Amino acid sequence: MSRSQLSTFNSQLRPTPLSASFYEPSAEFVAPKLLGHFLLRRAPDGAWAGGAIVESEAYLANDPACHGFRRETARNRSMYGPPGRAYVYFIYGNYFCFNAVCAGKGVAEAVLVRAIEPTFGEEWMRKNRPVTKERELTSGPSKLCLALHIEREFDGADICSLKSDLIIAGNPDVKRFVRARGPVVTATRVGLSVAEHMPLRFYLDGSEFVSRRQRTFSR
DNA sequence: TAAGTGATGCAT
DNA sequence: TGCATCACTTAA
């Protein structure tokens, strides 16, 4: 499907949110399974904007890099809630990041969505985040939050309900998409100073929108 | 490569 | 209280 065809398709898009049970397993298993599915935000005109997830990271209950590793606080509360909710946090005084909460209530696990391919509503995204290169639109966890206008108000939102303005919807062609953009690369997570060797980052190597390639060497 | 931004968490 | 750190982005 071409870009203009997708744009037309968008006006009739009837997304089917992934169910809460999808997020019930550990984030370690959910993160790679999210690749290819659609992160969607309802724009003010009612149309859905967003696109296919191409990069994700898992944060686990027994993982020192996880915000919920120590104890429940006001900031990380939604991570402790039921699966299928959003955990949105503010970082570096400027930006937001979006996570899908996983595992049962009381277990602080989540998947950080690090990059998507802009598939629907690109015009609205570009209005939110003016860039010259399309690749810059959503190739990073806070870039995609800017493009989709995901802010603190979405922390705790139900991403499994069409009543929400922020959902993750099943891609009916997910297998084909993953094959086309594959292979899936498993790598270490970005920007950590603890637990940096855990292989909990997943991305589609064939996508232009992956935030950064795996570092082959570092000194 | 480094500055900027403000919330968080741990040490005082 | 203070201060280092932080799941990042931008401009250079």
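Throughout, a chain's letter reflects where its sequence line sits, starting with A, and its residues are numbered from 1. All values reported here derive from a predicted model rather than from experimental measurement.
Between Leu146(A) and Glu57(A), it is Glu57(A) whose nearest contact on DNA chain C lies nearer the 5' terminus. DNA chain C is contacted by both Ala110(A) and Val131(A); Ala110(A) maps to the nucleotide lying nearer its 5′ end (nearest heavy atom per residue).
Distance alone, capped at 3.5 Å, places no donor-acceptor pair between the Asn99(A) side chain and the Val101(A) backbone. Under the 3.5 Å distance criterion, the side-chain polar atoms of Glu109(A) are matched with a main-chain donor or acceptor of Ala27(A). Side-chain atoms of Arg129(A) do not come within 3.5 Å of backbone N or O of Leu144(A) as any donor-acceptor pair.
Each of Tyr87(A) and Leu148(A) belongs to its own hydrophobic cluster when Ile, Leu, Val, Met, Phe, Trp and Tyr are linked at side-chain heavy-atom distances under 4.5 angstrom.
Taking atom OH of Tyr92(A) as the reference point, atom C1' of dG9(B) lies 15 Å away to the nearest angstrom. For the pair Asp155(A) CG and dT8(B) C1', the interatomic distance rounds to 15 Å; values are reported in whole Å.
A cation-pi contact links Arg189(A) to Tyr59(A), judged by a cut-off of 6.0 Å to the six-membered ring centre and 45° from its axis.
Along DNA chain C, read 5' to 3', the first and last nucleotides having any atom under 4.0 Å from a heavy atom of chain A are dC6(C) to dT10(C).
Within the 4.0 angstrom heavy-atom criterion, only backbone atoms of the sugar-phosphate kind lie near Arg75(A); the bases stay farther away.
Under the 4.0 Å criterion applied to side-chain N and carboxylate O atoms, Glu208(A) and Arg135(A) are not assigned as salt-bridge partners.
Between Phe96(A) and Phe154(A), the ring center distance fails the sub-6.0 Å criterion.
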Inset, instruction - Any chance you could encode DNA chain B as dot-bracket? Rule is Watson-Crick or G-U wobble with both distances under 3.5 Å; [ ] for pairs crossing earlier ones, | for another strand. - result: ||||.||||||.
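Across dG4(B), dG9(B), dA7(B), the shortest atom-to-atom separation from the side chain of Thr73(A) is found for dG9(B).
In this structure, Leu34(A) and Ile53(A) approach most closely via the heavy-atom pair O-CB, 3.7 Å.
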